[in-house]
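Everything below concerns the one structure shown next.
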Amino acid sequence: MIEPLEISFTVACTVNHAFETWTRRINLWWPPDHTVSGERDATVVLEPEVGGRIYERTRSGDEFEWGEITIWEPPYRFGYLWHLHRDRSDATDVEITFSQVDEGTSRVDIVHTAWERLGAGGQDWRDRNFGGWSSLLPHFITEAERKSS
């Protein structure tokens, strides 16, 4: 078994705002260098329901599937199958929970698992994803804190 990737951090906003920023406003903070197309004007979409898709749409209308929502419990928890740059059969599992620390601070916990589905390359892919999360999360934090409510 490959150890889950677990990341926790706090953000200066309410749970509702953190959840909304991550899910409904994902296109405002997701950086182009974390997309399939790499296009600056690609739109990132997260459909807010179990079975909803996570995907990018380019200006020309091309769509690239990234994942599928498996858990939808706003504003505290959601999860998805994740296969950005991979075949859907190789999807890993991501679960993100949001909890209120105090009036103006929320904690975000990410658990990314199922690396075994990637076979012999699972550990390497996990290690690469740690770097991906590390470079992605500052964008989320900036957006959540810029427009906190």
Side-chain angles (χ1 to χ4, degrees), residues 2 4-99 106-119 121-149:
I2 300 171
L5 185 56
E6 298 181 13
I7 302 168
S8 297
F9 60 94
T10 58
V11 61
C13 65
T14 65
V15 165
N16 285 337
H17 186 77
F19 188 91
E20 291 292 313
T21 298
W22 193 296
T23 59
R24 297 187 193 273
R25 294 200 314 263
I26 192 169
N27 191 56
L28 296 178
W29 60 270
W30 196 278
D33 65 345
H34 281 66
T35 64
V36 173
S37 69
E39 292 183 10
R40 282 204 154 291
D41 56 357
T43 301
V44 178
V45 178
L46 185 151
E47 297 174 339
E49 61 187 356
V50 171
R53 299 181 305 149
I54 305 172
Y55 64 97
E56 80 181 79
R57 182 182 304 122
T58 66
R59 183 176 229 185
S60 64
D62 294 327
E63 290 187 357
F64 299 96
E65 297 285 331
W66 295 3
E68 178 183 334
I69 304 297
T70 57
I71 301 167
W72 188 254
E73 299 173 2
Y76 301 106
R77 182 173 160 237
F78 79 101
Y80 51 92
L81 294 174
W82 185 243
H83 53 86
L84 178 68
H85 294 295
R86 306 221 33 118
D87 187 79
R88 188 182 189 289
S89 64
D90 294 332
T92 54
D93 295 316
V94 177
E95 184 174 328
I96 304 174
T97 57
F98 301 82
S99 53
S106 298
R107 177 181 167 111
V108 180
D109 295 295
I110 301 167
V111 179
H112 195 161
T113 62
W115 304 106
E116 298 78 16
R117 291 181 191 147
L118 305 175
Q123 184 66 51
D124 288 338
W125 198 250
R126 180 199 179 275
D127 295 344
R128 287 180 58 196
N129 271 259
F130 179 76
W133 280 113
S134 297
S135 62
L136 177 72
L137 293 174
H139 296 278
F140 164 75
I141 293 168
T142 298
E143 182 62 26
E145 291 182 347
R146 174 186 356 233
K147 300 179 180 184
S148 69
S149 55

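Along the sequence shown, residues carry numbers from 1. None of these values were measured; they are calculated from a predicted model.
Rounding to the nearest 0.5 Å places SG of Cys13 at 10.5 Å from CD of Glu143. Atoms CG and CZ, from Asp33 and Arg40 in turn, are 8.5 Å apart once rounded to the nearest 0.5 Å. Rounding to the nearest 0.5 angstrom, the gap separating the CG atom in Leu118 from the CG atom in Asp90 is 5.5 Å. Separating the CD1 atom in Ile26 from the NE2 atom in His139 is a distance of 12.5 Å, to the nearest 0.5 Å. Interatomic distance, Leu28 CG to Thr142 OG1, rounded to the nearest 0.5 Å: 12.5 Å.
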Item to check | Residue pair Asn16, Phe98: steps toward the side chain to side chain contact (heavy atoms under 4.5 Å, CB included) verdict | outcome: CA-CA 9 Å; Asn16 285 337; Phe98 301 82; over 6 Å; no

Item to check | Candidate pair Val44 and Trp29, rule side chain to side chain contact (heavy atoms under 4.5 Å, CB included), full reasoning | outcome: CA-CA 9 Å; Val44 178; Trp29 60 270; over 6 Å; no

Item to check | Verdict with supporting geometry, Arg117 and Asp93, side chain to side chain contact (heavy atoms under 4.5 Å, CB included) | outcome: CA-CA 10 Å; Arg117 291 181 191 147; Asp93 295 316; 3.0 Å; yes

Checklist entry - Going through the checks in order, is the side chain to side chain contact (heavy atoms under 4.5 Å, CB included) test met by Glu47 and Ile69? => result CA-CA 8 Å; Glu47 297 174 339; Ile69 304 297; 5.8 Å; no

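Residues Asn27 and Val45 have side chains not in contact (no heavy-atom distance under 4.5 Å, counting atoms from C-beta outward). A heavy-atom distance below 4.5 Å is found between the side chains of Leu46 and Phe78. Val11 is listed as a side-chain neighbour of Glu145, based on a closest heavy-atom distance under 4.5 Å. The shortest side-chain heavy-atom distance between Asn129 and Leu5 falls under the 4.5 Å cut-off.
Phe130 CZ: 12 or fewer foreign heavy atoms inside a 6.0 Å radius. When the shell of 6.0 Å around OH of Tyr76 is examined, it contains 12 or fewer heavy atoms from other residues, nucleotides or ligands.
Judged purely by distance below 3.5 Å, without hydrogens or angles, the side chains of Glu56 and Trp66 pair a donor atom with an acceptor atom. A donor-acceptor contact closer than 3.5 angstrom links the side chains of Ser8 and Arg107.
Between Trp30 and Tyr55, the ring centre distance reaches or exceeds 6.0 Å.
The nearest pair of heavy atoms linking Trp115 to His112 is NE1-O, 3.1 Å. Among all heavy-atom pairs drawn from Arg24 and Pro48, the shortest one is NH1-CG, 3.4 Å. Scanning both residues, Ala42 and Ser37, for their nearest heavy atoms gives CB-OG, 3.8 Å.
Between Phe140 and Trp22, the ring planes are tilted. Angles from 30° to 60° get that label.
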Could you give the side-chain donor-acceptor pairs of residues 81-88 under 3.5 Å, partners two or more places apart or in another chain?
| residue | atom | partner | partner atom | Å |
| --- | --- | --- | --- | --- |
| Asp87 | OD2 | Ser89 | N | 3.0 |
| Asp87 | OD2 | Ser89 | OG | 2.5 |
| Arg88 | NH2 | Glu68 | OE1 | 2.2 |

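Using a cutoff of 4.0 Å between basic side-chain nitrogens and carboxylate oxygens, Glu20 and Arg25 are not scored as salt-bridged.
No donor-acceptor pair closer than 3.5 Å links the side chain of Glu95 to the backbone N or O of Val111. Thr35 contributes a side-chain N or O that, together with a main-chain N or O of Pro32, makes up a donor-acceptor pair within less than 3.5 Å. A donor-acceptor contact shorter than 3.5 Å links the side chain of His34 to the backbone of Gly132.
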